[in-house]
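In what follows, a single structure is set out as structure tokens and then discussed.
The model shown is predicted, which means the values in this text are computed figures rather than measured ones.
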Amino acid sequence: MTIPCYKVRNHILQVLAAIPSSVTKIYAVDDCCPEGSGDFIEANCHDPRVQVLRNPINLGVGGAVTTGYRQALKDEMDIVVKVDGDGQMDPQLIPHFVRPIRKGRADYTKGNRFYRHESLRGMPRIRLVGNAMLSFLTKLSCGYWNVMDPTNGYTAIHTQVLRELPLEKLETRYFFESDMLFRLNTARAVVKDVPMDAVYADETSGLNVRKILPEFAAKHLSRLCRRYVYNYWLRDFNIGSLYSLMGGLFLMGGTLFGLGHWVSSGLQGIPATSGTVMLAALPILIGTQLLIAFLHYDISSTPQEPLHPHLSPHQAHPE
């Protein structure tokens, strides 16, 4: 498993001590921590499973996790679990994240704090609203309509699927988790949510929802466009492609026709006829219905068959 370490000195030893014995290797990644997390772990943690990795510069949570991923691939691990070092994620839940992958039901699992109503009571309201908005944007851009809580960093992934991802292209900061979902969708990997409760102690989150929402919205729009072009025009041409193309043409044509006649009527002072209104409204209605059909098709196209059982391992992975 991999643990990004940045300003987590007050919690990291408790996190390491709580990791179950079923975990064979623990990568504690010192992301150029100003508190010297790596040295602190080496001096105070005597668990032989723990290996400290160091980034020479601060790469952000995504960069730290990727460092752990690369080491896990070198060490021929089977499944890599990622938890934070700030004590918000219960290491005792690790078997729940690993089980769907081991049983061949998923390629990637992630935590979901929205699954149970009781889990939301301790969540700050701004986080609750912000995560709900980000969840919807993630569904649109990444194509995983079955997942929630996209910024949740409690995850597990099969290394055979991890090898299919361009690790060097992954976002290194807070958008890392959402970018992982986008990359997983392009590989057609199956993602499953795992219910969990969040723990809020005395840590300070660097994630400011008000500031990151505009940035995240722009990045989600970029991923949405790329996913649409790749899945519906480059990789395949299907009924969803036709729904989206015809829906967009009808909607744009009806809108432009209606606006043109509305401006013309205003300038000439002559009310538009009912026939003109219908000629504008009908293609808009048809286009809207076609786009709804495309959305339905996209939702039904969420990957359902796990990828890793069908991948040929690059090397033999120990169980």
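Two residues are said to be in side-chain contact when any heavy atoms from C-beta on lie closer than 4.5 Å; Leu170 and Phe176 meet this criterion. Side-chain atoms of Leu290 and Leu251, non-hydrogen and from C-beta on, never get closer than 4.5 Å to each other. Looking only at side-chain heavy atoms (C-beta outward), Leu295 and Leu291 stay at 4.5 Å or farther from each other. The shortest distance between side-chain heavy atoms of Cys225 and Leu221 falls below 4.5 Å. The shortest side-chain heavy-atom distance between Met246 and Ile286 does not fall under the 4.5 Å cut-off. Val8 has its side chain within reach of Ser37: a pair of non-hydrogen atoms, C-beta onward, lies under 4.5 Å apart.
No more than 12 heavy atoms of other residues, nucleotides or ligands sit less than 6.0 Å from atom CZ of Phe250. Crowding of Lys7 atom NZ: a count of heavy atoms from other residues, nucleotides or ligands under 6.0 Å not exceeding 12.
Through direct or relayed side-chain contacts under 4.5 Å between Ile, Leu, Val, Met, Phe, Trp and Tyr, Leu59 connects to Ile57. Applying the 4.5 Å side-chain rule to ILVMFWY residues, one finds that Met278 remains a lone member of its cluster. Residue Leu267 is found in a hydrophobic cluster whose other members, listed by chain and number, are Trp262, Val263; membership requires side-chain heavy atoms under 4.5 Å apart, directly or through intermediates. In the hydrophobic clustering (ILVMFWY side chains linked at under 4.5 Å, chained through shared members), Leu279 is joined by Phe257.
Applying the ring pair (Phe, Tyr, Trp, His ring centres under 6.0 Å) test to Tyr230 and every residue at least two apart in sequence or in another chain returns nothing. Remark: Trp145 engages Asp298 in a side chain to side chain donor-acceptor pair (under 3.5 Å) (not counting sequence neighbours). The side chain to side chain donor-acceptor pair (under 3.5 Å) test applied to Ser135 returns no partner, not counting sequence neighbours. The side chain to side chain donor-acceptor pair (under 3.5 Å) test applied to Tyr243 returns no partner, not counting sequence neighbours. Legend: residues meeting ring pair (Phe, Tyr, Trp, His ring centres under 6.0 Å) with Phe40, ordered by chain and number and at least two apart, are absent. Every residue two or more places apart in sequence or in another chain was checked for a side chain to side chain donor-acceptor pair (under 3.5 Å) with Arg70, and none qualifies.
Classified by interplanar angle (parallel below 30°, tilted 30° to 60°, perpendicular above 60°), the ring pair Phe237/Trp233 is tilted.
Of all non-hydrogen atoms in Ala64 and Thr2, the two that sit nearest each other are O-OG1, 4.3 Å. Taking each heavy atom of Val191 and Asn146 in turn, the nearest pair found is O-ND2, 3.0 Å. A pairwise comparison of heavy atoms in Lys82 and Gly153 identifies CD-O, 2.7 Å as the closest pair. The minimum heavy-atom distance linking Glu42 with Val52 is given by the pair CG-CG2, 3.5 Å. Shortest non-hydrogen contact noted between Pro56 and Cys32 is O-SG, 3.7 Å. Nearest heavy atoms, Asn152 versus Glu177: O-CG, 3.6 Å.
Using a cut-off of 4.0 Å between Lys/Arg side-chain N and Asp/Glu carboxylate O, Asp179 and Lys219 are scored as not salt-bridged. Salt bridge present: Arg54 and Asp39 bring a charged side-chain N and a carboxylate O closer than 4.0 Å.
Proximity of a side-chain donor or acceptor of Arg235 to a complementary backbone N or O of Thr186 within less than 3.5 Å is detected. Checking side-chain atoms of Asp75 against main-chain N and O of Met77 turns up no donor-acceptor pair under 3.5 Å. At least one donor-acceptor pair under 3.5 Å links the side chain of Tyr144 to the backbone N or O of Asn185. A donor-acceptor contact shorter than 3.5 Å is absent between the side chain of Asn112 and the backbone of Met148. Panel note: side chain Asp107, backbone Val190; a donor-acceptor pair is recorded below 3.5 Å. Of the possible polar contacts, one joining the Lys139 side chain to the Val147 backbone as a donor-acceptor pair under 3.5 Å is found. A donor-acceptor contact shorter than 3.5 Å links the side chain of Gln92 to the backbone of Ala18. With Arg113 contributing its side chain and Asp149 its backbone, the two residues share no donor-acceptor pair below 3.5 Å. For Ser264 (side chain) and Gly260 (main-chain N/O), no donor-acceptor pair under 3.5 Å exists by modelled atom type. Checked by atom type and distance alone, the side chain of Asp31 never pairs as donor or acceptor with a backbone atom of Asn58 at under 3.5 Å.
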*asked:* Between Thr138 and His220, is the side-chain contact (heavy atoms from CB on, under 4.5 Å) condition met? List the steps.
replied: CA-CA 7 Å; Thr138 302; His220 278 300; 3.3 Å; yes

*Test Asp193 against Lys110 for salt bridge (Lys or Arg N to Asp or Glu O under 4.0 Å), laying out the working first.*
CA-CA 5 Å; Asp193 273 351; Lys110 58 181 296 299; 3.8 Å; yes

_Worked verdict on Met180 versus Thr155 for side-chain contact (heavy atoms from CB on, under 4.5 Å)_ = CA-CA 11 Å; Met180 272 291 291; Thr155 65; over 6 Å; no

_Worked verdict on Asp86 versus His11 for side chain to side chain donor-acceptor pair (under 3.5 Å)_ = CA-CA 5 Å; Asp86 56 10; His11 303 278; over 6 Å; no

*Show the numbers, then the answer: is there a side-chain contact (heavy atoms from CB on, under 4.5 Å) between Asn10 and Glu35?*
CA-CA 10 Å; Asn10 293 336; Glu35 298 177 349; 5.8 Å; no

*Can you check side chain to side chain donor-acceptor pair (under 3.5 Å) on Thr67 and Asn55, steps first, answer last?*
CA-CA 8 Å; Thr67 297; Asn55 287 336; 2.8 Å; yes

*Going through the distances and angles, do Phe182 and Glu171 end up as a side-chain contact (heavy atoms from CB on, under 4.5 Å)?*
CA-CA 11 Å; Phe182 167 74; Glu171 289 276 341; over 6 Å; no

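At a cut-off of 3.5 Å, with distance as the only test, no side-chain donor of Tyr232 or Ser244 sits close to an acceptor on the other residue.
Between atom CE of residue Met1 and atom CZ of residue Arg49 there is a gap of 9.0 Å, rounded to the nearest 0.5 Å. Between the CE atom of Met196 and the CE atom of Met89 there is a distance of 5.5 Å, given to the nearest 0.5 Å. Interatomic distance, Arg227 CZ to Cys142 SG, rounded to the nearest 0.5 Å: 7.5 Å. Distance CG/Asn238 to OH/Tyr297: 3.5 Å, rounded to 0.5 Å. Put simply, CZ on Arg99 and CZ on Arg105 are 8.0 Å apart, with the number rounded to the nearest 0.5 Å. Here the OG1 atom belonging to Thr66 is positioned 13.5 Å from the CD atom belonging to Gln71, to the nearest 0.5 angstrom.
Note on residues 271-289: pairs passing side-chain hydrogen bond (donor to acceptor under 3.5 Å, both in side chains), not counting sequence neighbours, are Thr273-Thr276. Annotation: ring-ring contact (aromatic ring centres under 6.0 Å, His included) contacts involving residues 55-109, sequence neighbours excluded, comprise Phe97-Tyr154.
Under a hydrophobic-cluster definition in which Ile, Leu, Val, Met, Phe, Trp and Tyr are linked whenever side-chain heavy atoms come within less than 4.5 Å, directly or via other members, Ile284 and Leu259 are assigned to different clusters.
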